[in-house]
Amino acid sequence: NVQAQSDPSGFHARMAARFHVGDAQISAVLSNVRSPADAYIVFRLGEMSGYPTDRVLREYQGGRGKGWGVIAKNLGIKPGSKEFHALKRSQDLYNGQSQGKGKGKGKH
């Protein structure tokens, strides 16, 4: 979130390159989530689940307060699976490395 907020255009460019989406779609997702990190997770869950971004956003909006684990499960990503652990472990926008080492929400 810090890097995305300090360099919004760079964040948009990284998201566009990483997820092969246009700036309009990135802006649409950002306007429907609480933080840039949430936007990244929405795109990542879409990629992992095979569902379109609008479906992931519906799960996000319907599952507020329940956590990303519940949202991932609703999208068919099983808790404890390698996909689920990969989602929790790292992000890949900045040098392909995790920016946070802690567990829990908001660390991406």
Side-chain angles (χ1 to χ4, degrees):
N1 283 331
V2 172
Q3 290 176 342
Q5 291 166 348
S6 68
D7 182 15
S9 62
F11 178 73
H12 276 243
R14 283 183 169 89
M15 291 281 282
R18 168 61 182 85
F19 294 107
H20 309 286
V21 296
D23 196 52
Q25 189 174 3
I26 294 166
S27 294
V29 170
L30 282 167
S31 69
N32 283 289
V33 297
R34 289 178 277 191
S35 70
D38 286 355
Y40 170 83
I41 298 292
V42 165
F43 283 110
R44 186 83 161 100
L45 283 173
E47 177 182 75
M48 294 173 89
S49 68
Y51 285 112
T53 305
D54 61 335
R55 166 73 193 283
V56 179
L57 277 173
R58 283 194 305 272
E59 288 294 333
Y60 171 85
Q61 292 162 346
R64 279 199 175 142
K66 296 179 183 177
W68 286 110
V70 171
I71 295 168
K73 184 178 176 185
N74 290 343
L75 293 168
I77 300 168
K78 296 179 182 176
S81 68
K82 67 179 182 175
E83 292 85 5
F84 187 79
H85 286 293
L87 182 65
K88 288 179 66 175
R89 183 175 49 250
S90 66
Q91 61 79 25
D92 54 5
L93 287 181
Y94 296 92
N95 300 324
Q97 299 172 358
S98 174
Q99 298 297 306
K101 295 190 184 243
K103 293 183 179 179
K105 298 179 210 173
K107 298 292 182 187
H108 292 87

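Checking each of Asp54, Leu57, Val42 against Asn32 for a side chain to side chain contact (heavy atoms under 4.5 Å, CB included) leaves exactly one that passes, namely Leu57.
Between Leu45 atom CG and Arg55 atom CZ the span is 11.0 Å, to the nearest 0.5 Å. Atom-to-atom distance recorded for Thr53:OG1 and Arg58:CZ is 11.0 Å, nearest 0.5 angstrom. Expressed to the nearest 0.5 Å, how far CD1 of Ile71 lies from CD of Gln61 amounts to 10.0 Å. To the nearest 0.5 Å, atom NZ of residue Lys66 and atom CG of residue Asn74 are 7.5 Å apart. Atom CD of Glu59 and atom NZ of Lys73 lie 12.0 Å apart (nearest 0.5 Å). Between atom NE2 of residue His12 and atom OG of residue Ser27 there is a gap of 4.5 Å, rounded to the nearest 0.5 Å.
The minimum heavy-atom distance between Glu83 and Met48, with the atom names listed, is O-CE, 2.7 Å. Between Asp38 and Tyr60, the shortest heavy-atom contact is OD2-OH, 2.9 Å. Nearest heavy-atom pair across Leu30 and Ala39 is CD2-CB, 3.5 Å. In terms of heavy-atom proximity, Phe11 sits nearest to Pro36 at CZ-O, 3.6 Å.
Partners of Phe43 according to the ring-ring contact (aromatic ring centres under 6.0 Å, His included) rule, which considers only residues two or more places apart in sequence or in another chain, are Phe19.
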Might you work through the side chain to side chain contact (heavy atoms under 4.5 Å, CB included) test for Met15 and Gln25, ending with a clear yes or no?
CA-CA 10 Å; Met15 291 281 282; Gln25 189 174 3; over 6 Å; no
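In this structure, the side chains of His20 and Glu47 stay at 4.5 Å or more apart for every pair of heavy atoms.
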